[in-house]
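A, B, ... follow the sequence lines: proteins, then strands. Residue 1 opens every chain.
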Amino acid sequence: MTVNFHEIAKKWQKEWATQKTFEANADTRPKFFLTTPYPYVNGLLHIGHTYTYMRVDATARYRRMLGNNVLFAFGFHATGTPIETAAKRVREREEGQLNTLKLMGFTEKDWKNFEDPLYWISTFSKEAKQDLSNYGMSIDWRREFITTDLNPHYDKFIRWQFNKLKEKEYVIKSKHPVVWCPSCNAPTGDHARSEGEGEGPKDFIWVKFPVENSDLILMAGTTRPDALYAEKTLWVDPTAEYQIVNVQEEKWVVGKGTLNKIEQHAITCKEEGTIKAEELIGKKVKGAVTGESLYILPASFIDANMGSGLVYSALEDPFDYMEMKHIQEDKQLLRKYNLDADEMKKIQPKSIISVEGMGDDIGKEMCTKFNITSYEDKTKLEEAKAETNKLVFRKGIMKKNCGKHAGLTVSETQEQLKKELVETGKGIMFYELTGKVICRCLTDCHVKIVDDQWFLAYGNKQWKEQAHKCIQQMKLYPEKVRGQFEYVIDWLKDWACTREFGLGTNLPWEEKWKIESLSDSTIYTSYFTIAPQLEKLPVEKINDNFFDYLLLGKGNADAIDIDNKIIEEIKHEFEYWYPFDFYNSGKDLVQNHFAFLIFNHVAIFPEKYWPNGISTNGYVNINKQKMSKSKGNFKVLRDLVKEFGADVVRIGILSTGEDLNDVDWDSELAESMKNKLGQWYDFAIENYQEISKELRVKSSEKKEIDKWMEHQLHKIIKETTQAMNETLFRTAITKGFFDLQRHLKWYQKRTAGKMNAALVAEIIEAQTLMLQPFTPHLCEEIWQKIGKQGFISHTHWPTYDENKINPEIEQTETLMIQIIDDINHVLKLAKIDKPTNITFFVAENWKYDLFKKIQELIKETRDIKQIMQSVTANHKEHAKESAGLVQKIVKDPSKLPAHVSVQDTEHQNLIDATKFLKEHFRCTINIVKEQESKESKAKQAMPGKPAILVE
RNA sequence: GCGGAGGUUCCCGAGUGGUCAAAGGGGAUAGCCUCAAGAGCUAUUGACUUAGUGUCUUCGCAGGUUCAAAUCCUGCCCUCCGCACCA
């Protein structure tokens, strides 16, 4: 192997840079604009980026070869808190943080520098740019930029964006529950927790039950307001003392220790005294929905410290059912609380929900099903309750006796009732954590309702509709992510878009806020089209009017204090390039970043600037393991490129997966790729140079085997093109490289070195062109060495000729391959190491006729008799044999070759292959027609399957 | 729990009713070449079969439809992604 991957990579990268090969400006060609979420610059690019960016570059390079004016733009993201936090940790010399830097090759002398967030930004954006260039990315670097107010032009752009959103009332102030750390005085996201990952606020509704003839109100928390239609009792913890809390002139009765929770919900309250449970038991409250009088009763499973400390019951739950039964039957208990036995007996469940496959008394039914006999059997009751709630929530429909909710599903009813109860003042929303959460600062977190926060109103219905419309018009790679997109758009709620600290752009109308990181990266893709010219303009002259005119065509250029000619130039660039055609990243971004991007585009831009295409891919594993710093298998892009060379990494990373599947970085595969590419380099250069013009003209006449090779080539170009169009790069490499190479090797052998010169030249060109998106450096080198002018990067993708694709030709070769397989099989079974002679017997012609006939008939019927009758008439002289064959074939139609030929053709094909077979098996070869031989084996010959005798 | 994507032979993966013991790649084993290593080439890689185009077992598990199932239907199990205030 003569190729040095590192050297040629360096050579061509330099060449591309000096020739400005990938700088793209508006012109008259059809454009193709690609980009990818700008990386957050808190570290070196790693193997995940290696994959994602490669998908973009391969697409860019492919589109360039199709004749598009291609722009691949790239920027850097610094908005948000992690960099600031990381710098702070370096200041504190926190071990974990220093280790992360050490992993990336930094040492103690760098710590001082990394104390400053700005150093992070400048270092890692510079390093990333270098890494990407070394990786062979065809990026137009003139358009690079960084976010935050470090870039005052971009800062202006983001302010403009938010002013636009505000005008449309898509930025709103509202209330929201968040997991809150009281010490950090900030929301605590999953990544910022030392315990409690995945926990979050769960909403309850606290329903008011006024005590009859009293000013007290019992507050019962529930997740099932639907059951209020069957409210029957109010449970208290009989051993507890409750507290009376004054909330806006109402006297709430709640469990002790609830005061904090109420305050966290931004409600002012004051404790006014306590009341023992016993004092409440036997009294009555007014039902919140039915208005019926309900008894306050003791229940063993109530814990005054949970929720509000009180629970209402509809007796449709196994717990309620058993507890009520217990009250009704336990005389001692009745006496203790002075309850009337007859009155208690009257309390019976009311059926309000129909569940398919269940009767009216769900509580009782579930107790029977779970074999529960006592109210004390808490374990089984828990199971039964979970099952009940699941069933009811999934399948329950409200019955006729449920007023306006009749006929609705339980989940719909729950949502509506929550809203109604809050609106009519009968209830209040409450949030509690689903589990314990501890902040990284080791403080216990709780739910907090934040109420001065700004939100992007992704919950807005009209906005959602527009977003759906955008998705419907968009090309998605792969198409199967569409369902997830549709779902996410419906599911998104309002998003808190401002922060109190971190880097970024200030909210224009309330400067104390920073615009949050995901919110400032939504329409930034348009900024690439204007960045280089825009950033040359004096920033103080850039204002909202400027962007209105530039990006939306509103207003007029004369009103802007900038040379009109320059404005129009920039405007033209935007209008030419926008929207983007391909935006690619990992599948995890569908649920947030991609969705936000769609929302913001439809909010700000007219339809013609809505995104054209979004692409998603899986993750990268390293030798089947997830990449993680702690496992020590953290791979950065630069190390891979250093070890294997850019081209090998590029094609290697795309070779193990595509679609939404995860890919695996496989060093062994990369190694093998390196060899294969090296072989190709040698083959291409050696062979192409030998092919003189005269030879090409002379070789215009083509034999069968040449036609076969030509067929394979054109079929492969066709299939590879299709795969490239869908960014199925693994398929493209499999077909366009592995398959073509395999067939070429076969062709070399079959022709015993006498390949058709013109065809070989065509193959060399097509193969090199098809590799260009993946291994551009190698391909430029080959292109130059075989004497082509100009960059292969700008050469047209190979085209295929449908007329040269002919499945029948393929059949002949398949036959040859099968023959070799059969001989190998025989050699193995007969334990013959080195054959001295192989004889082939080609079947008699009547067999071909018979096979053809059967092939036709079998399409219509599988009935043996019927086929037999229509067939045997023509084959009287071979009646017995024919009958046997018919039976065999009908039973297993795989015995029929795809294409039934004739004896002479197959005979001739074998004769043509004699030389090849001789060399392959290193023995003499005889080819005989069945009828000309007395050998008993000869009779075994079948169409497409000559009989074989090995000696 | 909810929504989405998946489960194929040693591994990665192709394959959606018959041409399927299942492409291609990786790995492994053996042979050729070589002073040797690497590369390359050839063969093998579910089991049985000392002359073949056979038999048996296999495509997450269990049933079903069909002359015929990796492929269609039903139920179940498992893995990955997301479920939010954040890159």
key: Tyr38(A): which of Tyr524(A), Phe76(A), Phe124(A) passes ring pair (Phe, Tyr, Trp, His ring centres under 6.0 Å)   =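 When ring pair (Phe, Tyr, Trp, His ring centres under 6.0 Å) is applied between Tyr38(A) and each of Tyr524(A), Phe76(A), Phe124(A), only Tyr524(A) qualifies.
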With respect to the phosphate group of [N], does any side-chain polar atom (N or O) of [X] fall under 4.0 Å of OP1 or OP2?
X         : N      : result
Lys749(A) : U42(B) : yes
Lys480(A) : G6(B)  : yes
Lys745(A) : C41(B) : yes
Lys514(A) : C85(B) : no
Gln679(A) : G40(B) : yes
Ser517(A) : A87(B) : yes
Thr656(A) : C12(B) : no
Ser521(A) : A87(B) : no
Arg499(A) : C86(B) : yes

ask   = Stacking check: are the rings of Tyr619(A) and C81(B) less than 5.5 Å apart at their centres and under 30 degrees in tilt?
value =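 Not stacked: fails the 5.5 Å / 30° test.
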query = Going by distance alone, is a donor N or O of one side chain under 3.5 Å from an acceptor N or O of the other, for Tyr170(A) and Asp494(A)?
reply =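 Tyr170(A) vs Asp494(A): no donor-acceptor pair found between side chains.
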request  = Scan side-chain atoms only and decide if Thr79(A) and Asp520(A) contain a donor-acceptor pair under the 3.5 Å cut-off.
outcome  =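 Yes.
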Any strand is fair game: report the nucleotide pairing with [N] by Watson-Crick or G-U wobble, both distances under 3.5 Å, or none.
N      : answer
U79(B) : A5(B)
C32(B) : G40(B)
G52(B) : none
U19(B) : none

Nucleotide [N], atom [atom2] - distance to [atom1] of [X] in whole Å:
X         : N      : atom1 : atom2 : result
Trp454(A) : C85(B) : CH2   : C1'   : 17 Å
Ile733(A) : G13(B) : CD1   : C1'   : 14 Å
Asp664(A) : C12(B) : CG    : P     : 9 Å

task = Answer whether the closest heavy-atom distance between the side chains of Val488(A) and Phe594(A) falls below 4.5 Å.
result =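 When only atoms from C-beta onward are counted, Phe594(A) and Val488(A) do not touch, as no gap falls below 4.5 Å.
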Among the candidates [options], find the nucleotide nearest to the side-chain atoms of [X].
X         : options                : result
Glu658(A) : A14(B), A87(B), G25(B) : A14(B)
Asn592(A) : G52(B), C86(B), A14(B) : C86(B)
Lys587(A) : A87(B), C80(B), A5(B)  : C80(B)
Asn675(A) : A87(B), A39(B), A84(B) : A39(B)
Tyr40(A)  : A51(B), A87(B), G52(B) : A87(B)
Glu668(A) : A87(B), G25(B), G27(B) : G27(B)

task = Ignoring hydrogens and angles, tell me if any N or O in the side chain of Arg650(A) forms a donor-acceptor pair with the backbone of Phe774(A) under 3.5 Å.
result =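 Yes; at least one donor-acceptor contact below 3.5 Å.
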key: Pro946(A) vs Asp666(A), nearer the 5' end of RNA chain B by closest nucleotide   =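 Nearer the 5' end of the strand: Asp666(A).
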task = Output yes when Lys480(A) and Asp659(A) qualify as a salt bridge under the 4.0 Å nitrogen-oxygen rule, no when they do not.
result =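 Between Asp659(A) and Lys480(A) there is a salt bridge, with a charged N closer than 4.0 Å to a carboxylate O.
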message = I'd like the P distance from C81(B) over to G15(B), given in whole Å.
response =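 One P to the other, the span is 24 Å.
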